[in-house]
Amino acid sequence: MFINFFNSLRAKGLHVTLGEWLTLQEALDKGLCGSSLMQFYYVARMILVKSETDFDKFDMAFEECFKAARKESEVSNQMLRWLDKSDLIEMAHEEARDHLNKMEEMQVDKQEVEEQFRKRLKDQDSEHNGGNFWIGTMGKTSYGNTGGNVGGVRVGGKTGYQSAFSVVGAHKYRDFRDDRVLDNRQFQMAFRKLRQFSSRLDIPETELDIDGTVDKTCNNGGCLQIVMKKPRKNAVKLLLLMDSGGTMIPYSSLLNDLFQAIYKSNHYKDVKSYYFHNCIYSKLYKTPECENGDWVDTEWMFRNVDSDYKVIIVGDAAMAPEELYSPSGNYRGPNGGLSGYEWLQLLKRKYKKIVWLNPKMAPGHAPWREAETAIKELFPMYMLTVKGLNQAMETLMKKK
């Protein structure tokens, strides 16, 4: 079983070394895990996992190898399927509000609820919705989800009123992964890194310097000493160029999140955005529909958008070689006498800080994706994941 666990960890992408594995064996030999599977889980995770971004991979491998030895309070996949009522969440919350308001002042015995939960888990052999006894949904029982009960054990489902004191069957660490598809929050967190481009105004020091205050206070024997600093000025100017339509249609929602994250941010002095289809040519579109006539000249952008803008290009680089190399490769509009590759070269010549984000980038140099490989030689290209976006932001922040 333990060899299978090692192989499963490696298969999930965890780089467990032989030394780390031997350390785990030593911990077992010394009895650090006792006879508890849960204690083994925490000891193994502490030794084998180097970053919280790998917690989810570890959990999947652990579940795969030790599901037969699950605790009495763990739920089966069948139970989770019974409790999956995601399409009825809104209706259930509406019906539960009155009951929740009446229960808010009641005291909940956590130990008693958990003991009853374990009993129900042993006895229950069918799906239940509504009611106040079995593990189910949309009822008034203390176990399940989308029901009207304050305090209890949430099993599966999504958090509603955040009153449960225990959650079972949740995939707790999937949001920590650095290879997952991004959402709006991850975009905003990564873009905050660009604040390091900010400059200081030549004005009075009116902003609290937290780090400076802590240092001065510590050096002053614990007596508070306030340190002020000049307020930060947003100095970052960002140019966002996004591929739209065709093979990028499946990523429309992702691009919308990116767009919203940037425009909701307060970290930039100026943000400009334009769209293209497959490759940048002589015209850039004002909207993602990429309609003919609703565009600006790329040369106009070169003249009016200064070279100190940081440029983020988003696209899958999935185009035929002729679309990149031929002066007539743009089948949707004018080329302007140049190939797409030549327009990209002009872009690189104008702007010194450019990164390309690709939602389905092939690893390394992929001969079967000729256009993508050629573009990688022009611009630093990163996968549109948490890790990739962070790497792109670090590239944009480099001084040279």
Side-chain angles (χ1 to χ4, degrees), residues 177-184 186-187 190-191 238-262 272-292 295 298 301 310-326 328-333 335 338-348 351 353-393 395-396:
R177 295 179 62 157
D178 60 8
D179 61 347
R180 72 185 294 269
V181 174
L182 287 156
D183 59 25
N184 194 282
Q186 269 103 25
F187 278 128
F191 289 136
L238 193 64
L239 173 60
L240 182 63
L241 304 174
M242 293 182 285
D243 188 358
S244 182
T247 55
M248 286 296 291
I249 290 177
Y251 307 103
S252 297
S253 177
L254 191 60
L255 291 186
N256 181 63
D257 280 344
L258 172 65
F259 183 87
Q260 294 295 330
I262 290 177
K272 298 186 184 300
S273 60
Y274 298 102
Y275 300 85
F276 62 92
H277 180 67
N278 286 354
C279 191
I280 293 171
Y281 299 107
S282 62
K283 305 288 185 182
L284 289 166
Y285 299 91
K286 297 179 181 178
T287 65
E289 288 74 25
C290 295
E291 296 179 353
N292 285 351
W295 53 35
T298 305
M301 184 189 73
K310 317 300 175 186
V311 182
I312 299 176
I313 306 173
V314 185
D316 60 6
M319 68 192 89
E322 57 269 20
E323 291 182 85
L324 183 64
Y325 294 118
S326 172
S328 58
N330 181 15
Y331 64 89
R332 295 189 57 163
N335 267 61
L338 301 174
S339 67
Y341 190 79
E342 289 172 313
W343 280 111
L344 293 178
Q345 287 178 313
L346 290 175
L347 188 73
K348 182 178 181 179
Y351 303 102
K353 294 290 185 179
I354 304 178
V355 293
W356 189 298
L357 298 173
N358 191 330
K360 56 178 183 179
M361 182 177 73
H365 291 276
W368 63 92
R369 298 193 65 176
E370 183 178 339
E372 178 184 300
T373 300
I375 292 172
K376 283 178 179 177
E377 295 175 353
L378 282 177
F379 308 116
M381 184 180 289
Y382 303 97
M383 190 70 180
L384 195 51
T385 59
V386 176
K387 181 178 180 180
L389 185 56
N390 282 326
Q391 290 173 331
M393 295 304 102
T395 298
L396 289 178

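Within the model, atoms CG of Leu378 and CG of Leu347 stand 9.5 Å from one another, a figure rounded to the nearest 0.5 Å. To the nearest 0.5 angstrom, Phe379 atom CZ is 14.0 Å from Lys353 atom NZ. Annotation: the span from Ile313 atom CD1 to Asn358 atom CG amounts to 11.5 Å, rounded to 0.5 Å.
The shortest non-hydrogen separation linking Ala371 to Ala317 is CB-O, 3.9 Å. Of all non-hydrogen atoms in Leu344 and Cys279, the two that sit nearest each other are CD1-SG, 4.0 Å. The nearest pair of heavy atoms linking Lys360 to Ala318 is CE-CB, 4.4 Å. Shown here for Ile375 and Met381, the closest heavy-atom pair between the two residues is CG2-CE, 3.7 Å. The shortest non-hydrogen separation linking Pro359 to Leu384 is CA-CB, 3.8 Å.
The side-chain heavy atoms of Tyr275 and Met248, taken from C-beta on, include no pair separated by under 4.5 Å. At least one side-chain heavy atom of Val311 sits under 4.5 Å from a side-chain heavy atom of Leu241. At least one side-chain heavy atom of Met361 sits less than 4.5 Å from a side-chain heavy atom of Lys376. In this structure, the side chains of Leu338 and Tyr281 stay at 4.5 Å or more apart for every pair of heavy atoms. Taking 4.5 Å as the limit, some side-chain heavy atom of Ile312 sits within range of a side-chain heavy atom of Leu396.
Within the structure, side chain to side chain donor-acceptor pair (under 3.5 Å) pairs that include any residue of residues 238-249 comprise Thr247-Asp316 (at least two apart or interchain). Screening residues 244-253 for salt bridge (Lys or Arg N to Asp or Glu O under 4.0 Å) gives no qualifying pairs among residues at least two apart or on separate chains.
Among residues two or more places apart in sequence or in another chain, the salt bridge (charged side-chain N to carboxylate O under 4.0 Å, His left out) test is passed with Lys272 by Asp270. For Ser252, there are no side chain to side chain donor-acceptor pair (under 3.5 Å) partners at least two apart in sequence or on another chain. In this view, Thr298 and Ile280, Leu284, Met301, Phe302, Trp343 satisfy the side chain to side chain contact (heavy atoms under 4.5 Å, CB included) rule, not counting sequence neighbours. Residues meeting the side chain to side chain donor-acceptor pair (under 3.5 Å) test with Asn330, sequence neighbours left out: none. Looking at residues two or more places apart in sequence or on another chain, you find no side chain to side chain donor-acceptor pair (under 3.5 Å) involving Asn335. Applying the ring pair (Phe, Tyr, Trp, His ring centres under 6.0 Å) criterion to Tyr285, with sequence neighbours excluded, gives Trp295. Residues that satisfy the side chain to side chain donor-acceptor pair (under 3.5 Å) test with Gln345, not counting sequence neighbours, are absent from this structure. A search for ring pair (Phe, Tyr, Trp, His ring centres under 6.0 Å) contacts involving Tyr341 returns Tyr325, not counting sequence neighbours. Every residue was checked against the salt bridge (charged side-chain N to carboxylate O under 4.0 Å, His left out) condition with Glu323, not counting sequence neighbours, and none meets it.
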Side chain to side chain donor-acceptor pair (under 3.5 Å) between Glu370 and Thr373, intermediate numbers included:
CA-CA 5 Å; Glu370 183 178 339; Thr373 300; over 6 Å; no
Side chain to side chain contact (heavy atoms under 4.5 Å, CB included) for Asn390 and Tyr382? Distances and angles first, verdict last.
CA-CA 9 Å; Asn390 282 326; Tyr382 303 97; over 6 Å; no
Decide side chain to side chain contact (heavy atoms under 4.5 Å, CB included) for Tyr331 and His277; before the verdict, give the C-alpha distance in whole Å, the side-chain angles of both, and the deciding distance to 0.1 Å.
CA-CA 10 Å; Tyr331 64 89; His277 180 67; 3.0 Å; yes
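Here the side chain of Trp356 pairs no donor or acceptor atom with the backbone of Val314 at under 3.5 angstrom. Remark: side-chain polar atoms of Arg332 are paired, donor with acceptor, to backbone N or O of Cys290 under 3.5 angstrom. Glu372 contributes no side-chain N or O that, together with a main-chain N or O of Arg369, makes up a donor-acceptor pair within less than 3.5 Å.
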